[in-house]
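Owing to the predicted nature of the structure, the values given are computational and were not obtained by experimental measurement.
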Amino acid sequence: MAHVSLPHDAKAGPTKPEVRAVLLSKLDLEPTDHFAEVGSCTGAVTVEAARRAGRVTALERKPERVETSRKNLAANDAADNVELRESEAPEGLPTDADALFLGGSRNYEAVLDHAVEHRVDRVVMNVSRLEVAGAATEAFRERGLLDEVVQFQVSHGYELAGATSFDSENPVYMLVGGAKEAAADGGERRTDSRRSPSRGVDGGQR
Ligand SMILES: C[S@@+](CC[C@H](N)C(=O)[O-])C[C@H]1O[C@@H](n2cnc3c(N)ncnc32)[C@H](O)[C@@H]1O
């Protein structure tokens with residue numbers, strides 16, 4: 001994975017490189033995709049998405065963090081296909097996104113409603129707080145958006161007395177899914193979705 005340079009920082013973020021690697025595999029972005037992001041903050045995810053998707057619309061509610069995103073995008077020469085919006089989602093979300101990432105959780109239920117209404121093919125949300133993770137999992141499930149819940153924790157080794165010990169980062173809960181296409185008969189189909197088949201949370205193969 002190409003390096004992301006973040007000379008400008010923010011109080012929250014960045015999403016760590018290993019977490020971004022998993023996130024990007026779930027989002028499966030391609031040059032034809034319009035990617036929408038809630039909470040660009042340092043722009044670390046925005047930069048990676050801009051290298052893969054054709055278009056990126058990135059929202060951030062805090063003006064100083066919009067500026068941080070803007071500067072870090074420029075530092076990575078990744079601003080050409082990115083529209084940064086100072087906005088609190090769902091306000092300002094595009095209606096034609098193929099993939100949506102919620103890096104910020106404010107108003108997430110309304111953001112998920114937007115994803116359902118506009119049939120966003122891939123929806124991923126990262127959560128670090130346990131209580132929010134549980135509530136957000138329910139919100140995905142209630143809307144028929146949930147394919148899988150992934151929980152992982154990254155640790156980095158460091159040398160200690162000639163051996164290797166580890167510093168652990170906070171666990172991450174990654175909620176992964178997307179809106180299903182409505183079929184003419186009122187059922188649901190997944191014909192043009194790029195979501196990879198995975199074992200659903202109900203235990204069935206999806
Ligand atoms: C944990 S940080 C995201 C980190 C980011 N992925 C990065 O790599 O720097 C969450 C960000 O989401 C923003 N945020 C939270 N809810 C939002 C919403 N509804 N709309 C826009 N921004 C939001 C916060 O201001 C914060 O900057």
Side-chain angles (χ1 to χ4, degrees), residues 1-6 12-61 65-66 68-108 110-127 136 140 143 145-148 150 172 174-181 190 192-196:
M1 191 174 349
H3 179 69
V4 177
S5 167
L6 300 170
T15 301
K16 300 290 190 301
E18 294 82 3
V19 176
R20 298 201 303 266
V22 177
L23 170 64
L24 289 164
S25 81
K26 300 298 180 188
L27 288 170
D28 193 21
L29 297 173
E30 290 193 348
T32 51
D33 282 333
H34 183 186
F35 170 70
E37 179 182 14
V38 174
S40 61
C41 196
T42 66
V45 171
T46 327
V47 168
E48 303 250 33
R51 291 172 177 165
R52 293 163 174 81
R55 274 195 301 154
V56 174
T57 302
L59 276 57
E60 173 53 59
R61 58 185 287 270
R65 294 184 187 172
V66 176
T68 302
S69 298
R70 195 181 309 286
K71 289 177 188 165
N72 283 334
L73 281 163
N76 289 276
D77 210 12
D80 283 359
N81 55 345
V82 178
E83 185 182 340
L84 272 176
R85 296 181 180 169
E86 182 190 326
S87 180
E88 182 170 311
E91 192 74 37
L93 279 171
T95 56
D96 63 346
D98 302 290
L100 169 69
F101 170 55
L102 293 84
S105 61
R106 195 176 269 242
N107 309 331
Y108 71 84
V111 173
L112 297 180
D113 287 340
H114 177 100
V116 171
E117 182 183 353
H118 299 288
R119 307 231 173 256
V120 181
D121 184 51
R122 284 146 279 151
V123 180
V124 181
M125 179 174 181
N126 281 6
V127 189
F140 265 67
R143 290 162 178 76
L145 287 169
L146 192 66
D147 280 348
E148 58 177 334
V150 184
V172 175
M174 190 176 284
L175 314 182
V176 183
K180 297 173 184 70
E181 285 286 316
R190 298 274 298 276
D192 61 352
S193 172
R194 280 216 321 282
R195 285 152 65 193
S196 53

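To the nearest 0.5 Å, atoms CG (D147) and CG (L175) are separated by 11.0 Å. Taking OG from S5 and CG from D77, the interatomic distance works out to 11.5 Å, rounded to the nearest 0.5 Å. The structure places CG of L112 at 6.5 Å from CE of M125, a figure rounded to the nearest 0.5 Å. Separation of atoms CG (L24) and CZ (R52) is listed at 4.5 Å; rounding is to 0.5 Å.
V150 approaches K26 most closely through the heavy-atom pair CG2-CE, 4.2 Å. Nearest heavy-atom pair across P14 and T42 is CB-OG1, 3.4 Å. Minimum heavy-atom separation, V82 to A50: CG2-CB, 3.6 Å. When every heavy atom of V116 is checked against every heavy atom of A179, the shortest pair comes out as CA-CB, 4.2 Å. Closest approach of G177 to F140, counting heavy atoms only: N-CE2, 4.5 Å. Of all heavy-atom pairs between T46 and S40, the closest is OG1-CB, 3.5 Å.
Put simply, the side chain of N107 gets close to the backbone of A89: a donor and an acceptor are under 3.5 Å apart. No side-chain donor-acceptor contact under 3.5 Å links D33 to the backbone of A53. Judged by distance alone, with hydrogens and angles left aside, the side-chain atoms of R20 form no donor-acceptor pair with the main-chain N or O of E48 at under 3.5 Å.
Scanning for salt bridge (Lys or Arg N to Asp or Glu O under 4.0 Å) contacts around E117 gives an empty result, with sequence neighbours left out. Checked against salt bridge (Lys or Arg N to Asp or Glu O under 4.0 Å), E18 has no partners two or more places apart in sequence or in another chain.
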Report task. Test L84 against E60 for side-chain contact (heavy atoms from CB on, under 4.5 Å), laying out the working first. Result -> CA-CA 8 Å; L84 272 176; E60 173 53 59; 5.8 Å; no

Report task. Decide side-chain contact (heavy atoms from CB on, under 4.5 Å) for V172 and V127; before the verdict, give the C-alpha distance in whole Å, the side-chain angles of both, and the deciding distance to 0.1 Å. Result -> CA-CA 6 Å; V172 175; V127 189; over 6 Å; no

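Each of V4, V56, T15 was compared with V45 under the side-chain contact (heavy atoms from CB on, under 4.5 Å) criterion, and only T15 meets it.
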Exercise answer: donor-acceptor pairs, residues 91-106 side-chain atoms, under 3.5 Å, sequence neighbours excluded:
{"residue": "D96", "atom": "OD1", "partner": "H34", "partner atom": "ND1", "Å": "2.8"}
{"residue": "D96", "atom": "OD2", "partner": "R55", "partner atom": "NH2", "Å": "2.8"}
{"residue": "D98", "atom": "OD2", "partner": "H34", "partner atom": "N", "Å": "2.7"}

